[in-house]
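These notes are about the structure you will find just below.
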Number of protein chains: 4
Amino acid sequence: MSPRTKEQLETIRKDRRQAIMDTALEEFASYGYESTSISMIAKKAGVSKGLMYNYFESKEALLKTIMSEGIDEIFAFIDPNHDGVITKEEFIYLIDEIFALMKEKSSFYKLYFALIMQPAVSKLFIEKINEVFAPMIKMFVDYYEKKGSKNPFAEAILIGALFDGIGFNYLFNEDQYPLDEVIKLVKERFV
Amino acid sequence: MSPRTKEQLETIRKDRRQAIMDTALEEFASYGYESTSISMIAKKAGVSKGLMYNYFESKEALLKTIMSEGIDEIFAFIDPNHDGVITKEEFIYLIDEIFALMKEKSSFYKLYFALIMQPAVSKLFIEKINEVFAPMIKMFVDYYEKKGSKNPFAEAILIGALFDGIGFNYLFNEDQYPLDEVIKLVKERFV
Amino acid sequence: MSPRTKEQLETIRKDRRQAIMDTALEEFASYGYESTSISMIAKKAGVSKGLMYNYFESKEALLKTIMSEGIDEIFAFIDPNHDGVITKEEFIYLIDEIFALMKEKSSFYKLYFALIMQPAVSKLFIEKINEVFAPMIKMFVDYYEKKGSKNPFAEAILIGALFDGIGFNYLFNEDQYPLDEVIKLVKERFV
Amino acid sequence: MSPRTKEQLETIRKDRRQAIMDTALEEFASYGYESTSISMIAKKAGVSKGLMYNYFESKEALLKTIMSEGIDEIFAFIDPNHDGVITKEEFIYLIDEIFALMKEKSSFYKLYFALIMQPAVSKLFIEKINEVFAPMIKMFVDYYEKKGSKNPFAEAILIGALFDGIGFNYLFNEDQYPLDEVIKLVKERFV
DNA sequence: GATGAATGAGAATTCATTCAT
DNA sequence: CATGAATGAATTCTCATTCAT
């Protein structure tokens, strides 16, 4: 065997890193961060325990990375089109996007909702989270302002809460939740 | 000297039990169930580790009891007046009640929201939870039906999600959240 | 109520002491000394945990007393008739007595056999045990000597081992063991 | 540097496992299963407490493994030659073998005798034990039948009890017990 | 890079014993 | 005398992390 090129090694590293993160996210979401052991993740990801520490310096670092990159992804997914201003059509599109994302990244959102309630944990991410959600709320405020709402701020906060609440309920009971009907109603009532 | 009377023992047990449960709830809510040790609770409650097991047969049993009694309290708090049917005034009153309860029992709700996202944990309570929330949803469905909504079921699910979402956001940031404004808006838009 | 007389109190004390010992013996025999808790015994004997310590100063003291009085009982049961010498008829009678005793005091013998194998425990009783068994062996030696055996000592040791072995096997499987047949054979072959 | 080869790991694991089992057997035999702590075994075996659980999933599993492999050894030691039928010479040889084994594996037999008396424990091994002893008893029955005994079954049970009894007494007092003389007598009287 | 044996701190739990009442 | 609440030391077991190979 000839030695692998630098690029190949780099690719292997990246893939493996992602595999570990994906596995860890699944496990964290299913069993909780504390109840998931490094051993479990290593076994399921097909790497040795020792190697885990080659990729992440600690269990907490692994969690932080998962959360951080997850939040970045959300940001990247939501932001692109509308840098601050949003039309009615874009709003409708955004709603679909948000819930499509929740469906696709359900493990991430489960973990997110579970962690966010613990002050001791959430302080690790709070800054990053605000970076994502503050602009979003601002965008909603602008939208409702333009629309002539009496209290655009409360309206924006309300729709934010609604997204969280629907997501929360949906993730608690993915199979049975009438997500489409509810989304339809949200559009009618809030756009 | 004679042993304590049954009443004395009863009182001691009840008080201690409640003190342990209160402390445990605070700690569970702050640090998470897994990250809170029996030692921490014992120390904070001013009892020995061993005594904890005189009152609760395990850490899990302690959690279950806290959740179970908490859910009962919610039920008792919400249910009394409206056994299935609800008027407009009662609906408004109910909304105030729900959020007053969240404010008062914020630790309980934090714990509740954190646990509910973990399938491995939530299955311990799911039945009890449904006992409380199914009738509530039904009540909302009836309300919106009577009001002539196009899709009363979706409407009921939506308001349920909204309560959760508002609660969730409020508990994440108790000090800053504009709860009153949001509640006011909910009443305008959903009653 | 008039206060009980000294004699009545004495009787109560004695009865209760015996009840505790009987219960403890059953539990020790069933679950082992270590695996039996003071709480279990107290509950089963119908007394409070605290009171146990009014009768026995420790769990170990309770065990020692049970063993000591049990060994005394064996001694009293076996010895009376034959203080040193034994006839053929008496030997046959003794065999019946020994196994009748094992049947009646099966819990005691189970505990005895279990404890005796642990040097750390058996040293607590070894002296007392020897007090009982040395004379018995001596009696057998005399018997076989008189009978003209080639090696009366080995013969005595052998019959001693046989009693233990039969008892051991019988207690392991009380319901199925063909004790009577085996006893009959012992008499034919060893008297 | 490259990781250890499979063979190296295999060897390490086998050796450590055996060392732990040997140490545990000594300690269990001396102090009893319950009174021997994992810490004691670990310290004496020169490994950490944690490592014990890398090799045996629980204290009970360790005990079970020791007993199971011990019983297998007895079986392997006793069985080979005589697959069911046994001559006079073989019987004599078997007796020597049995007691040689008891001498060599005295810790195992002590533990065996101690555990067997506790229903709660013995049920863990009873099946395996019967697998070993039932054929042995059958072999004795056949032997005494061929020899023309009146009651070959009782005779077989008796010799079984005798082996247990002699072993029991010998192990209780290894240094002083006149094992050789007793064995000689057994051969004279029972072969 | 890769492995998994090894560690050790800390967790939940048990239980003999004490002691205020 | 009698009770059972209370203690604390000891036990089993887990697991993130390290490290020799």
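Values below: every heavy atom of this structure, side chains too, minus hydrogens, waters and symmetry copies. Order of the sequence lines fixes the chain letters, A, B, ..., with proteins taken first and strands second; residue numbering starts at 1 for each chain.
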For this session: Name the pairing partner of E:dA6, where a pair is Watson-Crick or G-U wobble with both distances under 3.5 Å, or state none.
Result: F:dT17

For this session: Compare all side-chain heavy atoms of B:Asn54 with those of B:Arg13 and state whether any distance is below 4.5 angstrom.
Result: yes

Exercise. Do you see a donor-acceptor pair shorter than 3.5 Å between the side chains of D:Arg16 and D:Tyr55?
Worked result: no

For this session: Go through residues 51-66 of chain A and report each residue with a non-hydrogen atom lying under 4.0 Å from DNA chain F, sorted by number.
Result: A:Tyr53, A:Ser58, A:Lys59

Problem set entry | Passing candidate, side-chain contact (heavy atoms from CB on, under 4.5 Å) with D:Leu25, options D:Ile20, D:Leu111, D:Leu62 | D:Leu111

For this session: For the pair C:Thr36 (side chain) and C:Glu27 (backbone), establish whether a donor and an acceptor sit closer than 3.5 Å, ignoring hydrogens and angles.
Result: yes

For this session: List the steps, then state whether side chain to side chain contact (heavy atoms under 4.5 Å, CB included) holds for C:Phe113 with D:Ile116.
Result: CA-CA 9 Å; C:Phe113 282 130; D:Ile116 220 74; over 6 Å; no

For this session: Determine yes or no for a side-chain-to-main-chain donor-acceptor pair under 3.5 angstrom, with B:Lys59 supplying the side chain and B:Tyr33 the backbone.
Result: yes

Exercise. Is the closest side-chain heavy-atom distance between B:Phe172 and B:Lys110 below 4.5 Å?
Worked result: no

Exercise. Considering heavy-atom distances to DNA chain F, does B:Val47 or D:Gly50 have its closest nucleotide positioned more toward the 5' end?
Worked result: B:Val47

Problem set entry | Separation of E:dA5 P from A:Lys49 NZ (nearest whole Å) | 8 Å

Exercise. What's the CG-C1' distance between D:Leu9 and F:dC19, to the nearest Å?
Worked result: 14 Å

For this session: Round to the nearest Å and state the distance from B:Lys6 atom NZ to F:dA5 atom C1'.
Result: 16 Å

Exercise. Of all of residues 10-40 of chain D, which get a heavy atom below 4.0 angstrom from DNA chain E, listed by number?
Worked result: D:Ile12, D:Arg13, D:Arg16

For this session: Check whether any side-chain heavy atom of C:Ile71 sits under 4.5 Å from a side-chain heavy atom of C:Phe108, and report yes or no.
Result: yes

